[in-house]
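Here is the structure we will look at.
Just so it is clear: chains get the letters A, B, ... in the order the sequence lines come, proteins before strands, and each one is counted from 1.
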2 protein chains.
Amino acid sequence: MSKSVSKAARATSSPSSKARPQPEAQPQHPAEGLSIAQVAEQAGVSVATVSRVLNGHENVRPATRDKVLAAVDASGYRVNELARNLRTAESRLLLTMVPDVGNPFYAEIVRGIDSVARQHGYFMLLCDTGADPGRERSYFDLLRRRRADGAICLDPATIQQALGEASSALPWVACCEFDPEMGVPYVGIDNYKAAGDAVRHLLARGHQRIGLINSDVDYLYARQRQQGYLDALTEAGITPDERWRMNLNSLDYEAGASAAALLVQQPHAPSAIFAVSDTLAIGVIHGLRSVGKRVPDDVAVVGFDDISLAAQVDPPLTTIAQPMRELGETAARLLLQRLANPLANVPGVLLPHRLVIRRSA
Amino acid sequence: MSKSVSKAARATSSPSSKARPQPEAQPQHPAEGLSIAQVAEQAGVSVATVSRVLNGHENVRPATRDKVLAAVDASGYRVNELARNLRTAESRLLLTMVPDVGNPFYAEIVRGIDSVARQHGYFMLLCDTGADPGRERSYFDLLRRRRADGAICLDPATIQQALGEASSALPWVACCEFDPEMGVPYVGIDNYKAAGDAVRHLLARGHQRIGLINSDVDYLYARQRQQGYLDALTEAGITPDERWRMNLNSLDYEAGASAAALLVQQPHAPSAIFAVSDTLAIGVIHGLRSVGKRVPDDVAVVGFDDISLAAQVDPPLTTIAQPMRELGETAARLLLQRLANPLANVPGVLLPHRLVIRRSA
DNA sequence: GTGAAAGCGCTAACAG
DNA sequence: CTGTTAGCGCTTTCAC
């Protein structure tokens, strides 16, 4: 930890750095190819001294320090981090890979990651992979090529596995999606139990025919939630009907809408639908309405995630809440741990979920 | 342009690189501190030759090339881009700064940027600024410190201006939010006219008392849309009432909901509401419903942006569509132009908007 | 407390 | 076609 702290104190590189505020007046020279040598010359000291001042080392005489600082401010000099990073062999950059930045579920997680990262003097940059293995790989290459110090991956477990064995040696952690067997640190929730909770809620409301609108089976959570759904039904003495289940390759509203319309227009249609994401569930509500079904009177629906929108739609969505912020924060902390001590074996952690009952079911 | 093309062809650094697929078998050594020198030794050639092969230069004998490639694959070597970038003085990284990654409006724009960027051999990385000037600054510092080659900023114009004069020399462009006076290339829409279109639609539907739920005036678009709203009303012979207008410091659904509830519960309440973003408008619909108003019968609502959700809510939202994808693509192209030719003065461009009539108004 | 100098890993002249 | 070499701008011993 002491490493992180000392690095975070670097006056010129920490995201949260307030060590040396900018002067009000803008510097004269917009600083194109300014190097430390020129600042040194201007200050009448050696490059070593400038470097020491820039990095907040203590062993510099105050007068000297002031001379240097003056020269820096006057010239508008900014350290070239490419050079610094080459020398120190670290970039202080963290990458977060998400399958779809447009999905509000990820936004809150990303904020959690970001806040922990900057507290520790790291920048967090977001990568939209579109759940495409090729793009995923190319972002991992940023890691291999030392352009980032670490990464957090929220992509489907299947894609993570496709990265190959060699990648597990890279400094990254998995968030929400993970394969416990891979030996990569992870954080997530108990999807199996959460899905069971959703279904049991529906059961308690008297529903017997419960549909499942699921996402792509590339996602670990899709497989786990399906199993939770299946087992909850079976435990209640109900034989799951295959026609009640659908797998979608998109979490978009439209996908949920058309799936729902299909689902309820068949014989023995479900009287309730469990959708594995709120975006899907909102689409489902819309789809049901478009075929003349009322929610929850004709068909009940429960979603998953508890994105902020869930409370705003009509009717407000009953859903399983994930601790999104904490998921992100935990992921960031795991990664930081792994960076601080590459050999320590970092644990997998599961965070609690919660059933939020609103009006849709 | 030829520069971009030749760079994009670099076998080891282009995001879209497919030049030399990885072998099926994973390399033996996970490649911690492997350098080009060791590869050179292993291949029995000089570092220069390895470098040439890695960069796809033509003047290498096939046999030599194969030897090098074999050594690379065997060792699992990856180029250290920190070193390469220091040497070539470019990072091939583009930054996109958005005020809120959770707002779906930005997601599609970001995709547009990303697709153009990777077509040209650049990586695009997303930064969530939270519309905070401090964070904005720190991301711009990434630029100053050569960790990224260019940036696209979607933050409020006010924040852009606060960056100071010196920043306009930096390689960035503005998207959606911009100040034409700053001399920074930009792309956006005609917000004044678009707002007018929205209001005129409401007018045509017979509404006389039209409310405006606006965002923070830090946003240029907020000021422009307000003016469009005001002028459209005036032109119709209606004197705008101050009590019809609200400014919110958030685009969240909740913010729209509570604002709407307030707005329609006063005397002479509006019979229609124009909200400057779809997220706000969706909140508005929810807020109206919570106080017992039906949309559009009691109060009509028009939004702005046409995010995918707009068609899914009940009632489907009448809104002004922005060409989000094109906005992003254009921004990326402007930036690329600016990078290719730092001296050329890149124009500001305005893209067309479109009124989409659904059921909410 | 400060400076001189080595070298991080790479690319690009320049020779041969 | 291939090798030798000089830096890119910075941090960090090691002297003084």
Candidate list A/Asp149, A/Leu143, A/Leu94, test side chain to side chain contact (heavy atoms under 4.5 Å, CB included), partner A/Pro171, passing option: A/Leu143

A/Arg144 with A/Asp141: basic N within carboxylate O range, under 4.0 Å: yes

What is the distance from CG of A/Asn59 to C1' of D/dT13, rounded to the nearest Å? 13 Å

For A/Arg135 and A/Asp128, indicate whether the former's side chain and the latter's backbone hold a donor-acceptor pair under 3.5 Å. yes

How large an angle, rounded to 10°, do the end axes of the helix from C/dG1-D/dC16 to C/dG16-D/dC1 enclose when each is built from five base pairs? 40°

Under 3.5 Å: donor-acceptor pair, side chain of B/Glu81, backbone of A/Leu142: no

What pairs of residues pass the ring pair (Phe, Tyr, Trp, His ring centres under 6.0 Å) test when at least one of them lies in residues 49-69 of chain B, not counting sequence neighbours? none

Can you find a heavy atom in the side chain of A/Phe178 that is under 4.5 Å from one in the side chain of A/Val184? no

Provide, to the nearest angstrom, the distance between the CG atom belonging to A/Leu54 and the P atom belonging to D/dT12. 12 Å

B/Asn59 atom CG, neighbour heavy-atom count above 12 within 6.0 Å: yes

How would you summarise protein contacts on nucleotides 3-10 of chain C per nucleotide, using B for base, S for sugar-phosphate only and - for none, with heavy-atom distances below 4.0 Å? BB-BBBBB

Using whole Å, report how far NE2 of A/His57 lies from C1' of D/dT13. 12 Å

Could you measure the distance from the CG atom of B/Leu69 to the OG1 atom of B/Thr64? Nearest 0.5 Å is fine. 11.5 Å

